[in-house]
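What follows is a single structure, written as structure tokens, with notes after it.
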Amino acid sequence: MDKTIFQKIIEKEIPSDIIFEDELCIVIKDINPQAPIHLLIIPKKPIPKLADASKDDLEILGHLMLIVGNMSRQFNVEDAFNVVINNGEKAGQTVFHLHIHLLAGNDKLNLPK
Ligand code: AMP
């Protein structure tokens, strides 16, 4: 299968605005932000969508959630942010490499299209 855009970002084949990186994940700014703060928390393991995750991915999934919290504190929005995971094309998923949207900075929910 062809590499997704996020796989290319993880492998530094294409540039992106990287906020954080560790052995399990990368955090980038969304290129088309739907809120003043719109980050993508992306596991390095190429799980296509949330429903494809298994028990083997427990550590990764937990880690991603903790990174969301860390990012919210880094951006001083820990008291008000939204987390979105689009699962499947019909639900609006466009990149088939699991990612968590962290949205903040507006006074209402901003769902990514
Ligand atoms: P989803 O619709 O949930 O699959 O979200 C994919 C997200 O990836 C969208 O919000 C896009 O704006 C974002 N996106 C696509 N390409 C890039 C890129 N090169 N750098 C940063 N964000 C991207």
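Atoms within each ligand, like the ligands themselves, are counted from 1 in listed order. Source: prediction; values computed, not measured. Positions are given from 1, in the same order as the sequence printed here.
Between the CD1 atom in Ile19 and the CD1 atom in Ile41 there is a gap of 10.0 Å [rounded to 0.5 Å]. Atom NZ in Lys8 sits 13.5 Å away from atom NE2 in His97 (nearest 0.5 Å). Rounded to the nearest 0.5 angstrom, Phe75 CZ and Leu39 CG are separated by 5.0 Å.
Heavy-atom proximity to atom 7 (C) of ligand 1, evaluated over Asp30, Leu39, Ile100, is greatest for Asp30. Nearest to atom 1 (P) of ligand 1 by heavy-atom distance, out of His97, His99, Lys8, is His99.
Aromatic ring centroids of His99 and His101 lie under 6.0 Å apart.
Ligand 1 has an N or O atom lying under 3.5 Å from an N or O atom of Gly92, backbone or side chain. For a threshold of 3.5 Å applied to N or O pairs, the pair formed by Gln93 and ligand 1 contains no separation below that value. At a 3.5 angstrom cut-off on N or O pairs, Phe6 does not count as close to ligand 1. Residue contacts with ligand 1: Ile28 is placed with no nitrogen or oxygen under 3.5 Å of a nitrogen or oxygen of the ligand (distance criterion only). Of the N or O atoms in His38, none lie within a sub-3.5 Å distance of an N or O in ligand 1.
Smallest separation of non-hydrogen atoms from Asn32 and Asp30: N-OD1, 2.8 Å.
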